[in-house]
There are 2 protein chains.
Amino acid sequence: MSDVFQALAHPVRRAVLKRLRSGPLSAGELADAFPVSKPTMSRHFQTLKDANLIRAERSGTTIRYRLNVTVADEAIAMVMDMLGRDGRDEDDSSEGNST
Amino acid sequence: MSDVFQALAHPVRRAVLKRLRSGPLSAGELADAFPVSKPTMSRHFQTLKDANLIRAERSGTTIRYRLNVTVADEAIAMVMDMLGRDGRDEDDSSEGNST
DNA sequence: GCGCTAATTAGCGTCAATGCTAAATAACAA
DNA sequence: TTGTTATTTAGCATTGACGCTAATTAGCGC
């Protein structure tokens, strides 16, 4: 699970995920959208793949990356579990404190 | 925001957050629960503080750490925004997923 | 095969993260 | 002030992340 948060810890990788929301994009298209070199982007893709946040598909010479919503959803669930904000472990300190 | 995910990227820090769900704990109590030295734990606390995930309060000689649910909640919202899962139930059960 | 395009891997430098021990600070008691 | 306890800061070493350029792999067309 550390891989997921590690992947989410970089602004470029977060932006890649955002762009992938609209649909799959090729490595080149993604690389073109950021002010870093293609090899650097390729490494970011690898990091996202290792975290299972994206998946790669070959289409001839180009490789298309696609969002993997499942794992991201698990990450959300984990953050919620970590903070106990899923509605079950509600602390008994009622928020009846008016200000 | 990178700070939040960076803080979440370490298993010890995630475990600290989990323990803090039950209520505030002192640095010593937290340090005692993990197989790393106190200075190392202190640095983890600093990382979590920088990310605004926890807050510190002095109680005499001891320092008590308390969960800051607000920022964690924002992190959840951000992950949801990143993946387009902001609570809208756009994907019905008719997904036709085959592999 | 050769060339072309797309993307990755290899190699290198720099900076940040992680862990430790030892020393310093903070609060309290005597 | 001195001593004791709790916690952090300082200093050091190791490891991993991030970025680049150059070279390599992968597929397609000739």
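Residue numbering restarts at 1 for every chain, and letters A, B, ... go by the order of the sequence lines. Computed from a predicted model, the values in this text were never measured in an experiment.
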What is the separation between atom [atom1] on [X] and atom [atom2] on [N], rounded to the nearest whole Å?
{"X": "B:Gln6", "N": "C:dA17", "atom1": "CD", "atom2": "P", "answer": "6 Å"}
{"X": "B:Lys38", "N": "C:dA23", "atom1": "NZ", "atom2": "P", "answer": "19 Å"}
{"X": "B:His44", "N": "C:dT18", "atom1": "NE2", "atom2": "C1'", "answer": "7 Å"}
{"X": "B:Gln46", "N": "C:dT18", "atom1": "CD", "atom2": "P", "answer": "13 Å"}

Scan [X] against the nucleic acid and name what it touches under 4.0 Å (heavy atoms): base, sugar-phosphate only, or nothing.
{"X": "A:Ser26", "value": "sugar-phosphate"}
{"X": "B:Arg58", "value": "sugar-phosphate"}
{"X": "A:Thr62", "value": "sugar-phosphate"}

For DNA chain C, whose closest nucleotide is more 5', that of A:Ser42 or that of B:Thr47?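 Counting from the 5' end, the first nearest nucleotide belongs to A:Ser42.
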Between the main-chain N or O of B:Arg58 and the side-chain N or O of B:Thr62, is there a donor-acceptor pair closer than 3.5 Å?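 Not a single qualifying donor-acceptor pair exists.
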Give me the ring orientation class for A:Phe5 and B:Phe5: parallel if the planes are under 30° apart, tilted from 30 to 60°, perpendicular past 60°.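 If you compare the ring of A:Phe5 with that of B:Phe5, the planes turn out parallel.
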Taking B:Lys18 first and then A:Asp81, would you say they form a salt bridge - that is, a charged N and a carboxylate O separated by under 4.0 Å?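 Between A:Asp81 and B:Lys18 there is a salt bridge, with a charged N closer than 4.0 Å to a carboxylate O.
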For DNA chain D, note the earliest and the latest nucleotide, 5' to 3', having some atom under 4.0 Å of a heavy atom belonging to chain B.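 Going 5' to 3' along DNA chain D, contacts run D:dA6 to D:dG11.
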Beyond-backbone contact of B:Arg19 with B:Tyr65, side-chain heavy atoms, under 4.5 angstrom: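 They are not in contact (no side-chain heavy atoms under 4.5 Å apart), so the answer is no.
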Does a donor on one side chain and an acceptor on the other come within less than 3.5 Å for B:Arg64 and B:Ser59?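 Yes, side-chain donor-acceptor contact under 3.5 Å.
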Would you tell me whether A:Ser37 and A:Thr40 have side-chain atoms, one donor and one acceptor, within less than 3.5 Å of each other?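 The criterion, which ignores hydrogens and geometry beyond distance, is satisfied for A:Thr40 and A:Ser37.
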Name the residue from B:Leu67, B:Asn68, B:Asp73 that meets the side-chain contact (heavy atoms from CB on, under 4.5 Å) definition with B:Thr70.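 Filter result, single survivor: B:Asn68.
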Give me the atom names and distance for the closest heavy-atom approach of A:Ala7 to A:Leu53.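 A:Ala7 and A:Leu53 have their closest heavy atoms at CB-CD1, 3.9 Å.
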Under 4.0 Å from any atom of DNA chain D, heavy atoms only: list the residues of residues 9-19 of chain A that qualify, in numerical order.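 By residue number: A:His10, A:Arg13.
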Audit row: A:Arg13, A:Phe45, side chain to side chain contact (heavy atoms under 4.5 Å, CB included) steps and yes/no: CA-CA 8 Å; A:Arg13 289 192 292 260; A:Phe45 300 151; over 6 Å; no
